[in-house]
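This report concerns only the one structure given below.
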Amino acid sequence: MTTPHTRLDATHDPALRSWVPSANAEGTDFPIQNLPFGRLRAADSEEPWRIGVAIGDQALDLQRAAASGGWSADIVALLKPLAAGDLNSFMAQRPAARRRLRAALSAALAEGSPSQARLAGCVRPMASLEMAVPCRIDDYTDFYTGIHHATTVGKLFRPDNPLLPNYKWVPIGYHGRGSSIGVSGESFRRPKGQTAGPDGTPQFGPCQRLDYELELGLFVGLGNERGRPVPIDEAEDHLFGVTLLNDWSARDVQAWEYQPLGPFLAKSFATTVSPWIVTMDALAPFRAPFTRPDGDPAPLPYLDGEANRRAGAIDLTLEVWLHTAAQRERGEGPVRLSSGRSVEAAYWTAAQLVAHHTVNGCNLQPGDLLGSGTLSGPLPEQAGSLLELTQGGKQPITLPGGDTRTFLRDGDTVILRAFAQRDGARRIGLGECAATVLPAV
Ligand code: CA
C-alpha cells in the first residue's frame with residue numbers, strides 16, 4: 001500500500017525555484033515545494049470565496065488561474081471545484097489525482113515556465129486578501145496524543161497516577177464542536193461559565209484560567225463508508241494535510257465539568273486553525289520513524305503496521321509566541337514561550353488516529369478535522385500550554401519587561417508557528433495560527 005506518503009518526485013526537488021521572487025527567499029514558509037491550499041478573497045470585499053495556493057508572500061488565485069486557460073482536460077476538471085471555492089470536493093479525490101494537480105501547479109509556478117505570462121495576473125499579494133477556514137468542517141475530533149502533556153496534566157490532577165491505564169493502548173479523544181472553529185487573525189470573547197469556588201460552591205462568571213493548547217490539525221481527504229473501517233496501511237490515503245490548531249481551554253470550567261464525560265463548554269467556545277492546509281504530499285520529505293520507548297506495549301494489530309513504524313511520524317518544529325497588549329503599546333514584538341518537536345511529543349501517529357477513529361465503523365468525511373492533542377515536548381520548557389508552563393497556575397512565567405502570566409489576559413494574542421527542515425530538502429512552514437482574547441461581555 002502507499003501509506004505513509006514518503007515518495008519524492010520533481011515537486012520536492014530542493015533546487016526548484018519559482019518565478020514568484022518571494023517564494024525563493026530563504027526563510028519563507030511557502031517555497032514552491034510547499035503549495036498549501038487556503039480559501040480567500042479580497043479583504044473587506046463581497047468577492048466570492050475561492051481557493052488559492054500560497055507561494056512566497058503571494059497566493060495563486062485558482063479561480064483566475066482556471067479562467068486563464070492553458071490546462072490539460074484532467075487539470076481543468078480538478079480545478080473546477082477549487083475555482084468555485086469548494087476545497088472539500090478536491091480533498092475527496094484519490095491521492096494520485098491530488099498529486100497530478102500538485103505537479104501541474106509546481107510546473108506552472110516554476111522558474112522558466114511558459115505559463116508565467118498567463119498566470120502573472122492570477123497571483124495576488126497575501127496582504128491584500130482575507131482568509132476563511134479553508135474548508136467546510138462537518139465534524140471535529142480532538143485527540144490526546146501528547147504523552148508528556150497527558151503525564152504533566154495528569155500529575156496536577158492525580159499525583160499518584162498521572163497516566164491512566166488506557167493511555168498506551170487507546171488513542172484517547174473526544175468529539176469537539178465544528179461551528180466554533182475560526183481562522184487565524186480572529187478575536188473571541190473570554191468565555192463565561194460555571195466553576196467550583198474555593199469551598200466547592202459553584203460560581204458563575206468570566207473564565208479566570210484561560211489557556212491555549214498547541215496542536216496540529218489533520219484534515220481528512222477521502223472519506224470512508226459507514227461500517228467500513230480504514231486499515232492502518234490505507235489510513236494516509238484518507239488524509240489531506242495539516243494545519244496548526246489552537247484548542248483554547250477554560251481550565252477552571254474544565255476542572256468542574258469534565259467528569260465523567262470529558263470536555264464540553266471548556267473547549268467549545270473557540271478553536272483557531274491556520275489558514276493554509278499543508279498537504280501530506282508536501283510533508284513527504286519530513287516523515288520519520290515511529291518508535292515507542294523500550295518496555296512500552298506494542299500497539300494492537302489494527303494500530304500497527306510496517307510502514308507506520310518506518311515513517312508514520314511527521315517531523316515538525318512547533319513554537320508558541322505571545323504578544324500582549326502592553327508589548328503592542330510599547331512597539332515590541334511577540335515573545336516565544338516554547339519550542340519543541342512533534343516527533344518527541346506524539347505517542348500516536350496520524351495513521352493510527354484514522355485507523356482507530358474508523359475501527360468501529362464510524363465514517364469520516366472530506367474536511368473532517370482531527371486535532372492531535374497538545375504537543376508538549378519532554379522538557380518542562382517545551383510545554384504546549386500555560387497549564388503546564390506554570391504548573392497549574394502556581395508558578396507564574398515572567399515576560400521581558402517584567403510582566404507575568406499564569407493564564408491569559410484580555411488583549412493577549414497567541415501565535416502558533418511550525419516548520420519542517422532537514423538536510424537535502426527545502427524548508428517549508430505551516431504559516432501562523434494567531435488569535436486574540438477579548439474581554440468577556
Ligand atoms: Ca486539546
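Counting starts at 1 for both ligands and their atoms, following the listed order. Because the structure is predicted, anything quoted here is derived from the model rather than measured.
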* Asked: Taking 4.0 angstrom as the limit, do R251 and E213 come out as a salt bridge?
  -> yes
* Structure fact -> Among the N/O/S atoms of D142, the Ca ion (ligand 1) lies closest to OD2
* Structure fact -> The atom of E215 among N, O or S that is nearest the Ca ion (ligand 1) is OE2
* Carboxylate-amine/guanidinium contact R287 D315, below 4.0 Å -> no
* To the nearest 10°, how many degrees is the angle E213 OE1 to the Ca ion (ligand 1) to D247 OD2? -> 80°
* **For E130, the option from R41, R124, R50, R39 that meets salt bridge (charged side-chain N to carboxylate O under 4.0 Å, His left out)** => R41
* Asked: Can a salt bridge be assigned to the pair R309 and D304 using a cut-off of 4.0 Å between side-chain N and carboxylate O?
  -> yes
